[in-house]
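Heads up, the thing below is written out as structure tokens.
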Amino acid sequence: MTTPHILVVGGGAGGLELATRLGNKLGRHHKARVTLIDRNPTHIWKPLLHEVATGTLDVDIDQVTYRAHAKAHGFEFQLGTMTGLDRAGREVILAPIQDENGDLVLESRRLKYDYLVLAIGSISNHFNTPGVQEHCIFLDSPTQANRFHRRLLEAYLKLNSPLHPKENLNIAIVGAGATGVELAAELHHAAAELNSYGFDDVKRDRLKISVIEAGPRILPALPERIAAAAHKELLKLGVEVRVNTKVTAATEDGLTLGDEQLHAELMVWAAGIKAPDFLKELDGLETNRINQLMVLPTLQSTIDSQIYVIGDCAGCPLPDNKWVPPRAQSAHQMASHVARNLLAVLAGKAQTPYIYKDHGSLISLSRFGTVGSLMGNLVGGAMMIEGRIARMAYISLYRMHQMALHGWWRTLMISVIGKINKIIRPRLKLH
């Protein structure tokens, strides 16, 4: 009997946790071959990308190298970008890989599978707004976050220089969800820190940040009390928050808000998500309006029982006519559930339906505070938390992700090393 091959496409929070768990359970014991595919050689937890963008987190220190992690946990890693699927032949099609000069490194490949897990994640949804693709920066990947960081440092250098005289640095953030709100707060933190590294002209009052939200309030996925608390904190920082305001176009000089022009040197688009467009034409698999692949309660595709879907690219309906939200906690839960279902299938046992459990949401406002809601069974419902307790809970979410990847002992060591690095290294990435 041949060893079954489980192929996981996408090394985000869900995909990497799943490959790690299956590698430890099956790969190490030669009960199955487990392969992870990702377009990048390294992994960083997506909720931290706003810190990468401002330089308060150095991705070179905190990232996980897929190949090294795969070797330590009993699975294989393949660098590549999925472009197609052959369900009849049970093959995933990968794009050719080229170097920075355009020379071919690897030709297009086809990888066979017995069970396929798609954990491709999501990208920003610009809703076909004119000029956004050309002039706004997205924060969907470490590459994009690093691009914003470089442009931010360049903008600081230009501030008050004879060649580029200007009073303020104007940054516009479109979308007041978690990414937009956290980025706005983190930018103020970074500006304050930069003063101590020789950027004397970067004063917080010269940093003009505008957050633009089309809906009636910020953080629409959170309870209104929590959103109001975060709104109040942003106003204290001097952030201009504009709700019920729709962006109709983006230009090189700023944003068009109906009849008004908002000038900005840097523009970030964080207004909504969708699954990658190529999923709409993925060999007959069923999708919803934002390209998510529709799944059964077992998280198998509605069309093909050999294919599972987890994370942001999974269209998983809830009983109340809503959808499982695209959050890190959803990806973590789905990864754990698919691991159990795959182990059951290989053992000839029945699979179980996935039940989403909302453990609450937390929004980090950098060192200025954290607000959020946790589902507190001891208090009979949602427990609203703020301040240091909320900040500790927010950090613990990342530690839980690290524990799923490394175990508690290595996570403890990583945490200690992180504390040491904060003492001996610059508090900001300055390059």
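What you see is a predicted model; the values in this text were computed from it and never measured. Both backbone and side-chain heavy atoms feed into the values below; hydrogens, waters and symmetry mates do not.
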Heavy-atom count check: over 12 atoms from other residues, nucleotides or ligands less than 6.0 Å from [X] [atom1]?
X	atom1	value
Glu281	CD	no
Glu107	CD	no
Arg39	CZ	no
Asn101	CG	yes

From [X] atom [atom1] to [Y] atom [atom2], the distance as rounded to the nearest 0.5 Å:
X	Y	atom1	atom2	answer
Asp99	Leu106	CG	CG	11.0 Å
Leu7	Leu36	CG	CG	8.5 Å
Thr302	Glu286	OG1	CD	4.0 Å

[X] versus [Y], closest heavy-atom pair with distance:
X	Y	answer
Asp86	Tyr113	O-OH, 4.4 Å
Gln333	Lys357	NE2-O, 2.6 Å
Gly315	Asn288	CA-ND2, 4.1 Å
Thr20	Leu405	CG2-O, 3.6 Å
Ala314	Gln292	O-NE2, 3.4 Å
Ala178	Leu219	N-CD2, 3.8 Å

Check step by step if side-chain hydrogen bond (donor to acceptor under 3.5 Å, both in side chains) holds for Asn24 and His73. CA-CA 5 Å; Asn24 289 334; His73 293 276; 3.1 Å; yes
Would you call [X] and [Y] a side-chain contact if the rule is heavy atoms closer than 4.5 Å?
X	Y	result
Asn128	His126	yes
Val174	Val211	no
Leu285	Leu85	yes
Val52	His149	no
Gln351	Ser305	no
Leu118	Leu116	yes
Arg110	Leu94	no
Leu342	Val117	yes

Does Arg242 come within less than 4.0 Å of Glu213, counting only side-chain N to carboxylate O? no
Quick one: do Lys236 and Glu233 make a salt bridge, cutoff under 4.0 Å?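 Glu233 and Lys236: salt-bridged.
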Decide side-chain hydrogen bond (donor to acceptor under 3.5 Å, both in side chains) for Arg147 and Gln144; before the verdict, give the C-alpha distance in whole Å, the side-chain angles of both, and the deciding distance to 0.1 Å. CA-CA 5 Å; Arg147 179 187 170 212; Gln144 293 173 333; over 6 Å; no
With distance as the sole test, does [X] use its side chain to make a donor-acceptor pair with the main-chain N or O of [Y] at under 3.5 Å?
X	Y	answer
Asp312	Gly121	no
Asn125	Gly272	no
Gln63	Ile44	no
Asn40	Thr42	no
Thr411	Gly407	yes
Ser301	Ile303	yes
Ser108	Ala95	no
Ser330	Pro326	no

Worked check of side chain to side chain contact (heavy atoms under 4.5 Å, CB included) between Gln329 and Tyr356: CA-CA 9 Å; Gln329 63 171 298; Tyr356 171 65; 3.9 Å; yes
Relative to each other, are the rings of Phe77 and Tyr66 parallel, tilted or perpendicular (30° and 60° limits)?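 The rings of Phe77 and Tyr66 lie parallel, inter-plane angle below 30°.
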Walk me through it: do Arg340 and Thr352 pass the test side-chain hydrogen bond (donor to acceptor under 3.5 Å, both in side chains)? CA-CA 9 Å; Arg340 288 192 293 269; Thr352 58; 5.6 Å; no
For Thr298, give me all partners under side chain to side chain donor-acceptor pair (under 3.5 Å), at least two apart in sequence or on another chain. Gln300
Can you sort out the partners of Asp283 under side chain to side chain donor-acceptor pair (under 3.5 Å), two or more places apart, ordered by chain and number?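 Per chain and number, Asp283 pairs via side chain to side chain donor-acceptor pair (under 3.5 Å) with no residue.
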We want to know whether His30 and Thr3 form a side-chain donor-acceptor pair, criterion being a heavy-atom distance below 3.5 angstrom. no
Apply the test side chain to side chain contact (heavy atoms under 4.5 Å, CB included) to residues Leu207 and Ile171: give CA-CA distance (whole Å), side-chain angles for both, the deciding distance (0.1 Å), then the verdict. CA-CA 8 Å; Leu207 183 64; Ile171 301 176; 3.8 Å; yes
Could you give me the CA-CA distance, side-chain angles and deciding distance for Leu139 and Trp269, then say whether side chain to side chain contact (heavy atoms under 4.5 Å, CB included) is met? CA-CA 8 Å; Leu139 295 182; Trp269 188 273; over 6 Å; no
Checking side chain to side chain contact (heavy atoms under 4.5 Å, CB included) for the pair Val295/Tyr354: CA distance, chi angles, key distance, verdict? CA-CA 10 Å; Val295 296; Tyr354 165 66; over 6 Å; no
May I ask you to check whether His401 and His43 place their ring centres under 6.0 Å from each other? yes
Walk me through whether Gln78 and Arg109 qualify under side-chain hydrogen bond (donor to acceptor under 3.5 Å, both in side chains). CA-CA 11 Å; Gln78 290 265 359; Arg109 292 160 288 158; 3.0 Å; yes
